[in-house]
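First comes the structure, then the notes that go with it.
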Amino acid sequence: MLLTMGPDEANPYDNPLDNPLDPNFWMRQWARAEKQAQATVNRAFLKADRWDKLSKDLSKRWNVSQKDPMREGMLMLLKEKGILREGVKILDLGCGTGRFAIPFAQAGARVTAVDVSEGMLGCLKEDIPAEAASRITPLLVDWQSADLDQLGFRSAFDLSFAHMTPAVSDPENFLKFLSTSRQWCVLAAWSGKRRQNTVEEVWQQLTGKELDHRWGNITFAFNLLYSMGYRPSVDFRHYEYESMVDPETEADLLFDLFHGYLEGDEGDEGSVRQRILSLLQGMATHEGKINKILSGCIGRMIWRVDLPEGDGF
């Protein structure tokens, strides 16, 4: 995390480009890290069709009828702070299948639910309870090319909310997100390395190398905000999720990640997928399923937009 000097201390940085108290410093650092990440298999996480393929599974996993400690903790925090209340206007960026948009609406909020995936929004529309339907507006939007003024989003929301979405994985799109709020913002994102056994083991077998893990952006976001005068509150918690998956389905997802990064896979998509499938089948249990494990640390950050230089709460 960024540590700053007191107001009366001299600035030891002769070169302003190297001054971590300058927001531009963190924008450059974050943009450089994201550019490196997008030169690897992480590029697939920005593709809408990848999320289309995951939509049915995520709809079942994050359905409001399912136990979800992370969701319940977030809802409790927002209610305790008086943010989630009747009539509050919320932007849910990267809303997915409605993990948060639906309970926000059930609590009386008016929710604009934005996602780049038609599959995700389709599941959201199917899952919205009738009593909450009038309070959710699903919108298909590619955040990278979104025009805030054309959408009417600039300073339009009491709470701008982004939970585990690649839509704000770089400084430009994060600042665009920040510009939508007139009072509160919440960001949840990976902090440090995230691990997934199917991805790591198959990559190791195919290449003989360890996978270059994607690092989260929560620290970059915190430091950028701090240098801009905001004082966000942040906490961290370990996350682990296990599920039994079908090798065929998982092979499609890993092919999306790996194709184009494996030696000799040009023009031979069927062969690449078959190699991936064979390795996954070797990981399957006697029931023909794979125990897929995703784990890592998630940072949760909340701050006020209308009180820069002030307390996060």
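Position 1 is the first residue of the sequence, and the numbers go up from there. Values reported hereafter were calculated over all heavy atoms of this structure, with side chains retained and with hydrogens, waters and symmetry mates removed.
The neighbour count for Glu172 CD, taken as heavy atoms of other residues, nucleotides or ligands under 6.0 Å away, does not exceed 12. Counted within 6.0 Å of CE on Met76, heavy atoms from surrounding residues, nucleotides or ligands total 12 or fewer; the atom is thus considered open. Crowding of Gln281 atom CD: a count of heavy atoms from other residues, nucleotides or ligands under 6.0 Å exceeding 12. Remark: Gln150 CD is loosely packed, at most 12 non-hydrogen atoms of other residues, nucleotides or ligands lying under 6.0 Å away.
Figure legend: cation-pi geometry between Arg182 and Phe157 absent, as NZ or CZ is not positioned both under 6.0 Å from the six-membered ring centre and within 45° of its axis.
With hydrogens and angles ignored, the 3.5 Å screen pairs a side-chain donor or acceptor of Arg71 with a backbone N or O of Arg99. At distances below 3.5 Å, not a single donor-acceptor pair connects side-chain atoms of Arg110 with backbone N or O atoms of Lys89. No donor-acceptor pair under 3.5 Å is formed between the side chain of Ser59 and the backbone N or O of Ser55. Proximity of a side-chain donor or acceptor of Asn197 to a complementary backbone N or O of Asn291 within less than 3.5 Å is detected. One N or O on the side chain of Thr207 and one on the backbone of Lys209 form a donor-acceptor pair closer than 3.5 Å. Judged by distance alone, the side chain of Trp26 and the main-chain N or O of Ala221 form no donor-acceptor pair under 3.5 Å. The backbone N or O of Thr97 lies less than 3.5 Å from no partner atom in the side chain of Trp62, so there is not a single donor-acceptor pair.
The shortest heavy-atom contact between Leu280 and Ile290 is O-CD1, 3.4 Å. In terms of heavy atoms, Val168 sits closest to Asn173 at CG1-O, 3.8 Å. Across every non-hydrogen atom of Gly98 and Leu124, the tightest pair is CA-CD1, 3.5 Å. Here the closest non-hydrogen pair linking Val141 and Ala146 is CG1-CB, 3.8 Å. Nearest approach of Glu86 to Gly108, heavy atoms of both residues: OE1-CA, 3.6 Å. The shortest heavy-atom contact between Ser191 and Gly299 is CB-N, 4.3 Å.
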Go through the steps for Ser181 and Leu91 under the test side chain to side chain contact (heavy atoms under 4.5 Å, CB included), then give the verdict. CA-CA 8 Å; Ser181 177; Leu91 170 66; over 6 Å; no
Checking Glu131 against Gln106 for the side chain to side chain contact (heavy atoms under 4.5 Å, CB included) test, could you report, in this order, the C-alpha distance in whole Å, the side-chain angles of both residues, the deciding distance, and whether it holds? CA-CA 8 Å; Glu131 68 276 10; Gln106 290 174 321; 4.1 Å; yes
CA sep, side-chain torsions, deciding dist, call: Val199, Phe258, side chain to side chain contact (heavy atoms under 4.5 Å, CB included): CA-CA 9 Å; Val199 175; Phe258 296 160; 4.0 Å; yes
Run the side chain to side chain contact (heavy atoms under 4.5 Å, CB included) check on Gln196 and Lys292 step by step: do they pass? CA-CA 7 Å; Gln196 185 172 310; Lys292 180 177 176 179; 3.1 Å; yes
Please walk me through it: do Asp115 and Ser117 pass side chain to side chain donor-acceptor pair (under 3.5 Å)? CA-CA 6 Å; Asp115 207 281; Ser117 165; 4.5 Å; no
Could you walk me through whether Lys53 and Asp252 pass the salt bridge (charged side-chain N to carboxylate O under 4.0 Å, His left out) test, one step at a time? CA-CA 9 Å; Lys53 293 176 182 178; Asp252 287 338; over 6 Å; no
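The one candidate from Thr112, Asp158, Leu84, Val186 that meets the side-chain contact (heavy atoms from CB on, under 4.5 Å) condition with Ile90 is Leu84. Partner Leu254 forms a side-chain contact (heavy atoms from CB on, under 4.5 Å) with one of Val202, Leu277, Leu279 and no other, that one being Val202.
Put simply, Val114 and Leu148 are part of the same group of oily side chains (I, L, V, M, F, W, Y) that touch within less than 4.5 Å, one to the next. Clustering ILVMFWY residues whenever any of their side-chain heavy atoms sit less than 4.5 angstrom apart, transitively, puts Met228 in the very cluster that holds Phe222. Under the 4.5 Å side-chain heavy-atom criterion for Ile, Leu, Val, Met, Phe, Trp and Tyr, Met164 and Tyr241 are members of the same hydrophobic cluster. Both Leu140 and Ile102 are assigned to one and the same hydrophobic cluster, defined by single-linkage of ILVMFWY side chains at heavy-atom distances under 4.5 Å. Both Trp143 and Leu139 are members of a single hydrophobic cluster when ILVMFWY side chains are connected at heavy-atom separations under 4.5 Å.
Here the straight-line distance linking atom CG of Leu58 with atom CE of Met120 works out to 4.5 Å at 0.5 Å rounding. Distance check, rounded to the nearest 0.5 Å: CD1 of Ile298 to CD of Glu240 gives 11.5 Å. Atom CG of residue Asp49 and atom CD of residue Glu118 lie 11.0 Å apart, to the nearest 0.5 angstrom. Put simply, OG on Ser227 and CE on Met27 are 9.5 Å apart, with the number rounded to the nearest 0.5 Å. Atoms NZ and CD, from Lys176 and Gln144 in turn, are 8.0 Å apart once rounded to the nearest 0.5 Å. In this structure, the separation between CZ on Arg300 and CE on Met74 is 5.0 Å, given to the nearest 0.5 Å.
Side-chain contact between Leu178 and Ser160 is absent, with no heavy atoms from C-beta onward closer than 4.5 Å. Taking the side chain as every heavy atom from C-beta outward, Gln183 and Ile83 never approach each other to under 4.5 Å. By the 4.5 Å heavy-atom criterion applied to side chains, Phe153 and Thr180 are counted as neighbours. Side-chain contact check for Arg50 versus Leu257: some heavy-atom pair is nearer than 4.5 Å. Residues Phe236 and Ile218 are in side-chain contact: their nearest non-hydrogen atoms beyond the backbone lie under 4.5 Å apart. Counting heavy atoms from C-beta outward, Cys185 and Phe177 have side chains that approach closer than 4.5 Å. Side-chain contact between Leu206 and Val272: absent, with no pair of heavy atoms (C-beta onward) separated by less than 4.5 Å. Side-chain contact between Leu187 and Trp303: present, with at least one pair of heavy atoms (C-beta onward) separated by less than 4.5 Å.
Using a 30° and 60° split on the angle between ring planes, Phe161 and His163 fall in the parallel class, below 30°. Ring orientation note: the planes of Trp30 and Phe174 are tilted relative to one another, at an angle of 30° to 60°.
The pair Glu200-Arg194 does not count as a salt bridge, with every side-chain nitrogen at least 4.0 angstrom from each carboxylate oxygen.
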